[in-house]
Chemist: 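Here it is, the structure, as structure tokens.
Convention: sequence-line order gives letters A, B, ...; per-chain numbering from 1. Just so we're clear, the structure is a prediction, and the values are computed from it rather than from any experiment.
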There are 2 protein chains.
Amino acid sequence: MAGPVQSIERAAAILRLLAGGSRRLGLGEVASSLGLAKGTAHGILRTLQHVDFVEQDPATGKYQLGAALLHLGTSYLDVNELRSRSINWADALAARSGEAVRLGTPLEGRVLVIHHVFRPDDTLQTLDVGALLPLHASSLGKVLLAFGATPVDPLLEDEPEAYTRHTLVHPEQLNRALGEIREFGWGAEVQEMSMGEAGIAAPIRGQGGLVVGAIGVSGAVERICDTKGRPQPALITVLREAARAISRDLGAARW
Amino acid sequence: MAGPVQSIERAAAILRLLAGGSRRLGLGEVASSLGLAKGTAHGILRTLQHVDFVEQDPATGKYQLGAALLHLGTSYLDVNELRSRSINWADALAARSGEAVRLGTPLEGRVLVIHHVFRPDDTLQTLDVGALLPLHASSLGKVLLAFGATPVDPLLEDEPEAYTRHTLVHPEQLNRALGEIREFGWGAEVQEMSMGEAGIAAPIRGQGGLVVGAIGVSGAVERICDTKGRPQPALITVLREAARAISRDLGAARW
DNA sequence: AACCTCGGTCGGCATTGTCGAACGGCAGTC
DNA sequence: GACTGCCGTTCGACAATGCCGACCGAGGTT
């Protein structure tokens with residue numbers, strides 16, 4: 001038995017499917033999306049429902065994610081070492097920079113936000129811990145790509161989505177950008193995901209120097225960048241100091 | 001095949017086990033805790049790891065929850081109708097009451113917090129969305145029990161944990177309290193979970209009038225209660241108004 | 001250096017999940 | 001109001017599948 005357990009893989013695929021489509025899904029949709037017989041999909045869904053990973057709308061019979069997942073997700077945050085060691089540094093970085101701070105780690109070809117400190121003013125902001133950002137259009141993602149925390153190949157093969165006219169979509173552009181990130185030790189994103197917004201990020205290394213995540217600050221482009229459209233040197237300095245401090249906490253010898 | 005899928009149930013049990021023990025668990029511990037052969041547990045863990053539901057510490061070989069669960073958990077929040085319809089009312093309630101507001105729904109003999117609005121001052125508070133509260137010692141839990149949103153039996157059979165000297169642990173006490181909650185339409189908890197803290201809660205009803213959740217405000221006992229140790233009538237009024245408004249939004253005819 | 005513990009692997013067996021067809025309820029339609 | 005899709009659910013037979021328990025090798029400990 002070298003292979004993975006089939007039914008569990010299928011269950012996970014169903015959960016991801018339900019997480020992706022933001023609306024409730026019917027049994028038929030689930031079965032055909034995954035190429036399963038209706039009976040099979042029903043058995044798995046029934047089990048997932050039984051363990052509260054999935055809920056069923058009693059009226060329509062359609063399925064959606066269940067409450068138990070919320071608790072598991074927050075439990076993950078509790079045990080995540082990268083996050084727990086970063087919290088204090090992230091708070092300090094937000095205070096020093098005056099901007100929102102995010103921590104990301106690679107997940108399934110995207111960046112999972114595992115910590116988020118609001119910009120220290122009283123404006124209304126939404127917590128996006130648990131959100132997935134694109135690799136090629138976020139500063140966190142570009143840093144993770146540059147330092148090999150997640151494979152680049154899929155992005156080079158078929159052209160990724162362009163969110164704005166500044167998004168790097170050509171393999172050549174992306175490769176050059178990643179090279180520069182490797183060279184300087186930090187990465188930026190200026191209006192590549194959303195016009196008017198920019199961010200910079202730096203890698204976080206674990207034991208052995210492997211890059212396990214990234215930390216970044218982001219905000220309005222006129223605050224992050226100088227008049228020439230380049231990230232403020234002062235911000236880069238405090239960001240890199242925070243990244244180094246966290247890496248040290250995690251056991252990365254010296255970087 | 002009427003029964004649930006065995007391997008998926010086991011996988012879910014492993015995930016819950018990992019979520020419970022806050023430290024990383026070894027293969028042997030997992031296997032023996034669930035009464036499985038090591039090989040079996042390993043196969044399931046390998047699969048869970050493959051779908052990012054579980055991570056393995058490369059150094060020690062021990063297992064912990066994986067990143068994909070965080071995204072699934074927040075995706076649950078996105079589709080949860082009770083939560084999305086409550087957010088505005090919860091904000092307003094926090095503003096009117098000046099206290100922290102929480103929304104809960106039953107999960108596995110506990111109360112799952114699905115929304116949390118901080119007390120509207122600038123003190124440091126930790127977000128406990130995703131946390132599990134006890135049924136018998138929280139205002140949210142007592143309301144859910146009183147209105148049949150979750151079975152009472154397990155608490156009456158063996159005596160639940162006493163967090164403080166005010167915690168209701170005797171079946172008789174609990175039953176009387178639940179009866180009063182049913183009668184008045186709201187419930188309170190005064191220093192039953194933590195000394196100096198109190199909370200009040202009211203039920204939220206969905207279509208058909210079934211209680212699907214509860215909303216509550218909580219804070220220091222001297223702000224929640226009057227000098228006689230009884231909840232402030234003004235707070236109860238605004239709380240019940242919010243609960244009724246949300247119930248109406250959810251399609252409960254009139255309550 | 002021998003021991004012990006722990007995570008991982010392997011092969012045989014039968015338990016287990018899968019499949020496809022048939023059922024029953026619901027809603028929209030003619 | 002009968003008809004007709006559609007959809008979630010049930011059922012039984014088959015064999016593929018995952019389960020078990022013994023075995024392996026590495027790391028740490030005594």
Side-chain angles (χ1 to χ4, degrees), chain A residues 1-18 21-66 79 81 206-208 251, chain B residues 1-18 21-66 79 81 206-208 251:
Chain A
M1 188 188 66
V5 177
Q6 185 188 50
S7 54
I8 296 176
E9 274 200 319
R10 289 174 167 178
I14 289 180
L15 291 177
R16 275 205 286 265
L17 188 68
L18 290 174
S22 56
R23 70 182 203 293
R24 289 186 256 259
L25 260 44
L27 172 63
E29 298 175 273
V30 171
S32 65
S33 296
L34 275 65
L36 297 177
K38 273 200 302 181
T40 306
H42 177 65
I44 296 173
L45 280 167
R46 175 156 33 84
T47 309
L48 289 173
Q49 184 180 9
H50 184 246
V51 295
D52 288 322
F53 282 25
V54 151
E55 293 173 1
Q56 185 175 26
D57 185 329
T60 66
K62 291 186 186 296
Y63 294 93
Q64 63 170 66
L65 296 181
V79 297
E81 196 177 353
Q207 289 184 20
Chain B
M1 188 190 64
V5 178
Q6 185 190 51
S7 53
I8 296 177
E9 274 200 319
R10 289 174 167 177
I14 288 180
L15 291 177
R16 275 205 287 265
L17 187 67
L18 290 174
S22 56
R23 72 181 201 293
R24 290 186 257 259
L25 259 45
L27 172 62
E29 298 174 273
V30 172
S32 65
S33 296
L34 274 65
L36 298 176
K38 272 199 302 180
T40 306
H42 180 248
I44 296 173
L45 280 168
R46 175 155 34 85
T47 309
L48 290 173
Q49 183 179 9
H50 183 246
V51 295
D52 288 324
F53 282 27
V54 151
E55 292 173 3
Q56 185 175 25
D57 186 328
T60 66
K62 290 186 185 300
Y63 295 93
Q64 63 170 66
L65 296 180
V79 297
E81 196 176 351
Q207 290 183 19

Chemist: Which is true for Q56(B) with a 4.0 Å heavy-atom rule: it touches a base, it touches only sugar-phosphate, or it touches nothing?
Modeler: sugar-phosphate
Chemist: With side-chain contact (heavy atoms from CB on, under 4.5 Å) as the criterion, how do T47(A) and E9(B) come out once you've worked through the C-alpha distance, each side chain's angles and the decisive distance to 0.1 Å?
Modeler: CA-CA 7 Å; T47(A) 309; E9(B) 274 200 319; 3.8 Å; yes
Chemist: Using only modelled atom types and a 3.5 angstrom limit, is any donor from either the side chain of K38(A) or the base of dG8(D) paired with an acceptor on the other?
Modeler: yes
Chemist: Is the closest side-chain heavy-atom distance between R10(A) and T40(A) below 4.5 Å?
Modeler: yes
Chemist: Mind calculating the distance between CG (L27(A)) and P (dC19(C)) to the nearest angstrom?
Modeler: 13 Å
Chemist: Is there a side-chain contact between Y63(A) and the phosphate of dT9(D), meaning an N or O under 4.0 Å from OP1 or OP2?
Modeler: yes
Chemist: With the side chain counted from C-beta on, respond yes when K62(A) and R23(A) share a heavy-atom pair under 4.5 Å apart, and no when they do not.
Modeler: no
Chemist: Between G26(B) and R10(B), which residue's closest nucleotide on DNA chain C lies nearer the 5′ terminus?
Modeler: G26(B)
Chemist: Calculate the interatomic distance between K62(B) atom NZ and dG7(C) atom P; express it in whole Å.
Modeler: 6 Å
Chemist: By nearest nucleotide on DNA chain D, pick out whichever of S7(A) and G61(A) is the more 5' one.
Modeler: G61(A)
Chemist: Ignoring backbone atoms, test whether H42(B) places a side-chain nitrogen or oxygen under 4.0 Å from the OP1 or OP2 oxygen of dG7(C).
Modeler: no
Chemist: Using whole Å, what does the distance between atom P of nucleotide dG8(D) and atom CD1 of I44(A) come to?
Modeler: 15 Å
Chemist: For L45(A) and dG17(C), what is the distance between atoms CG and C1' respectively, to the nearest whole Å?
Modeler: 15 Å
Chemist: Of the nucleotides dC19(D), dT10(D), dG7(C), which has the atom closest to the Q6(B) side chain?
Modeler: dC19(D)
Chemist: Find the distance R24(A):CZ to dC7(D):C1' and express it as a whole number of Å.
Modeler: 17 Å
Chemist: How far apart are the closest heavy atoms of L17(A) and S33(A), and which atoms are they?
Modeler: CD2-CB, 3.8 Å
Chemist: dG7(C) C1' sits how many Å from L36(B) CG, rounded?
Modeler: 16 Å
Chemist: Could you work out which one of dC19(C), dT9(D), dC19(D) sits closest to the side chain of T40(A)?
Modeler: dC19(C)
Chemist: In the structure I gave you, are the side-chain heavy atoms of L15(B) and F53(B) within less than 4.5 Å of one another anywhere?
Modeler: yes
Chemist: Mind calculating the distance between CD (E9(B)) and P (dT16(C)) to the nearest angstrom?
Modeler: 12 Å
Chemist: Quickly work out the D57(A) CG to dT9(D) P distance and round it to whole Å.
Modeler: 11 Å
